[in-house]
J.: 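Here it is, the structure in full.
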Amino acid sequence: MISLNYKYADCNVVGEDNGLHIQQKFAEYKDKIAQIITDLNNNKDKRGQGLQWMNLGYSEETVWYVKEYAALVENRFENILVLGIGGSALGGLAVTEALLKPYWNFLTEEQRNNFPRIFFLDNIDPDTMFGLLNILDLKKTLVNVITKSGSTAEIMAQFMIIKDKLEQELGDDYRKNIVATTDKNIGVLRQIAEQEGYKTFVVPDDVGGRFSVFSAVGLLPFALVGIDIDEVVRGVKDMDLALKNTDINENIAAQNALIHYLLDTEKGKNISVMMPYSTRLRYVADWYSQLWAESLGKEKDLNGQTVNVGPTPVKALGATDQHSQIQLYNEGPNDKIINFIRVSEFDNKLEIPKIFEYTGIGYLGGKSVNDLLNAEADSTRVSLSDYNRPTVTITLPKINAYYLAQLLYMFEVQTAIAGALYNINAFDQPGVEQAKNYTYALMGRFGYEESAHILREKMAAG
Ligand code: PA5
């Protein structure tokens, strides 16, 4: 299993002002944490709680349907193009970047074991969209459009452009190149998919975008490029079983949630930096940032009081950002907790040759890049503690489907527990909806005329 080391967040290491008496805090919060975990598990099947993602490690039916479709389209497409934004794209991006061979889209078909290349169109920049459409042969591309609401303007705009081009190139046959993942009943995409006869997959009820990576939202693109989704689901399930443990001393998600919550509310560490020491895990930091920000950044608490809470996530990459952000983390405001992610065993070992032996870089010869990267993580952690900056370290034995799934699922549970500690609803996103509605209004969507009028007045005044 993956593990968590929180010693460097303890006040024995970083001092009273910046660390916690962790064992004492675990004892103090033991009952509260046990209650939170019990409530999450008791409520996960209740409608409207936003907790169905806790069942995704047990969704054999979805796995079966995804595998069936992936087998059906195997060898038919050179490219997979995922259309999505936020929760419908970030999980896919994080997992494929971590699990596929590096530079996947540059490899030959043989090097990719005949699996297709994969592209995520996760924004609506006209230049990058234009550029992508220029290099993709749409006839050989399977387009997976993903939107839970079925109406998000960015995704629908991408979809309309691509559908139009597909139809121009393929005539009536274009439908075979589209698979839609959306709500089972509601939303414009569901209507269109049914009218047009696209193959569809379901974003389950009570699974928000940022918690949807282990539903068909993620599993379908993973299977299409040959990622072992049985291993993904096994990782989720094993982590779920481990995190059902109501004893905080045995539950790493609860430990990290409590440490983050207390460092924020008692010690002013309201910034959570996610810093994997692996380039393959760099998008895990993006995915975590959305999960943490959208779930915990809330105006009201569960009693309706205005609280404006939420730690700010920051993404970083080790060792790269040692040469960019660490100066600030060591000497700037002491307002952060830094999460290191470390990998015990990389897939490859890269030796540094014994050359330039009698120069100042001779000491590197005969060591490995693996040793160097892990030495950098160790030294950065110690240097941060010299400056009394708290850190925690999560260690993955290897980067594979099983451990990566454990990591992401652990973060989901950690977020849910943190939400309960902050006493907020971690599963809604009214702040996102507000901006979405304004966009609909500005772009002239039917039914948003009143909002458009108010918005224009505000913009004129501004
Ligand atoms: O996590 C979330 O809820 C959001 O990031 C959504 O995933 C994003 O806004 C896209 O929404 P939808 O899937 O409804 O199109």
Side-chain angles (χ1 to χ4, degrees), residues 48-54 56 81-95 120-125 143-163 178-193 198 200-221 283-299 310 313 315 408-409 411-416 418-419 424-441 443 445 448:
Q49 300 288 313
L51 289 171
Q52 275 298 323
W53 54 271
M54 294 182 76
L56 296 176
L81 173 59
V82 177
L83 308 181
I85 201 162
S88 45
L90 281 168
L93 205 51
V95 172
F120 288 84
L121 201 46
D122 61 341
N123 202 356
I124 44 161
D125 180 291
V143 178
N144 182 197
V145 49
I146 310 177
T147 161
K148 181 176 169 63
S149 62
S151 58
T152 301
E154 294 90 339
I155 306 170
M156 290 295 98
Q158 294 168 349
F159 173 65
M160 288 158 84
I161 291 167
I162 301 229
K163 185 256 176 192
I178 297 177
V179 51
T181 309
T182 191
D183 188 89
K184 68 174 181 304
N185 298 315
I186 58 155
V188 181
L189 184 64
R190 170 56 62 187
Q191 263 173 32
I192 294 175
Y198 305 150
T200 59
F201 284 87
V202 169
V203 186
D205 290 342
D206 281 321
V207 177
R210 58 193 176 274
F211 289 89
S212 67
V213 58
F214 300 119
S215 71
V217 168
L219 295 183
L220 178 60
Y283 289 116
V284 168
D286 288 62
W287 175 84
Y288 168 82
S289 293
Q290 189 215 5
L291 181 71
W292 204 239
E294 228 170 70
S295 303
L296 302 181
K298 296 291 150 75
E299 181 181 23
K315 46 196 185 185
L408 301 190
Y409 188 75
F411 283 140
E412 290 182 348
V413 176
Q414 174 186 314
T415 305
I424 49 96
N425 181 352
F427 308 108
D428 65 359
Q429 54 284 326
V432 179
E433 307 304 339
Q434 172 82 338
K436 276 190 181 181
N437 290 337
Y438 277 161
T439 305
Y440 296 148
M443 295 297 285
R445 185 172 174 183
Y448 289 78

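Worth knowing before you read on, the calculation uses all heavy atoms, side chains too, and leaves out hydrogens, waters and symmetry mates. Indexing begins at 1, ligand by ligand and atom by atom, following the structure's order.
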J.: Atoms of ligand 1 less than 4.0 Å from G86 heavy atoms?
T.: 5 (O)

J.: Does the side chain of Q429 pick up a donor-acceptor pair with the side chain of E433 at under 3.5 Å?
T.: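 Checked: Q429/E433 side chains pair up, N/O donor to acceptor below 3.5 Å.
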
J.: Short list, please: which atoms of ligand 1 are under 4.0 Å from a heavy atom of I155?
T.: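 By the 4.0 Å cutoff, the relevant atoms are 15 (O).
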
J.: I want to confirm something. Looking only at heavy atoms, which of G84, G87, A293 is nearest to atom 6 (C) of ligand 1?
T.: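 Looking at heavy atoms only, the winner is G87.
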
J.: Considering E294, R210, K436, Q429, which one's heavy-atom position lies nearest to atom 4 (C) of ligand 1?
T.: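 Among E294, R210, K436, Q429, the closest heavy atom to atom 4 (C) of ligand 1 comes from E294.
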
J.: For atom 8 (C) of ligand 1, which protein heavy atom lies nearest, and how many Å away is it?
T.: I85 O, 3.5 Å

J.: Can you tell me how the ring of Y440 sits relative to the ring of Y448, calling it parallel under 30°, perpendicular over 60° and tilted otherwise?
T.: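 Plane angle over 60°, so perpendicular.
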
J.: Just to be sure I'm reading this right: ignoring hydrogens, which of Q290, E154, M156 gets closest to atom 5 (O) of ligand 1? Compare them by their nearest heavy atoms.
T.: Q290

J.: To check your reading of the model: name the closest protein heavy atom to atom 12 (P) of ligand 1, its residue, and the distance in Å.
T.: T152 OG1, 3.3 Å

J.: Could you list the atoms of ligand 1 found under 4.0 angstrom from a heavy atom of S88?
T.: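 Close to S88: 7 (O).
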
J.: Between V203 and ligand 1, which residue portion shows a heavy-atom distance shorter than 4.0 Å: side chain, backbone, both, or neither?
T.: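 Under 4.0 Å from ligand 1, V203 contributes no heavy atoms.
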
J.: Would you say N144's side chain and V179's backbone share a donor-acceptor pair under 3.5 angstrom?
T.: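 Yes, N144 side chain to V179 backbone: donor-acceptor pair under 3.5 Å.
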
J.: For ligand 1, which atoms sit closer than 4.0 Å to a heavy atom of T147?
T.: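 It comes down to these atoms of ligand 1: 12 (P), 13 (O), 14 (O), 15 (O).
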
J.: Consider only side-chain N and O atoms of S149 and T152, and report whether a donor and an acceptor are under 3.5 Å apart.
T.: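 The answer is yes; a qualifying pair exists.
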
J.: Considering only heavy atoms of K148, which atoms of ligand 1 have at least one such atom less than 4.0 Å away?
T.: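 Under 4.0 Å from K148, ligand 1 has these atoms: 12 (P), 13 (O), 14 (O), 15 (O).
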
J.: Without hydrogens or angle criteria, can the side chains of S88 and K148 be said to hold a donor-acceptor pair below 3.5 Å?
T.: no

J.: Atom CG in L291, atom CG in L90: separation rounded to 0.5 Å?
T.: 10.0 Å

J.: Between the main-chain N or O of G84 and the side-chain N or O of D122, is there a donor-acceptor pair closer than 3.5 Å?
T.: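 Side chain of D122 to backbone of G84, a donor-acceptor pair under 3.5 Å: no, none is there.
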
J.: Just say parallel, tilted or perpendicular for the rings of F411 and W287, cut-offs at 30° and 60°.
T.: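 Ring orientation, 0 to 90° scale: tilted.
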
J.: Closer than 4.0 Å to some heavy atom of S149 - which atoms of ligand 1 meet that?
T.: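 Numbered from 1, ligand 1 contributes 12 (P), 14 (O), 15 (O).
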
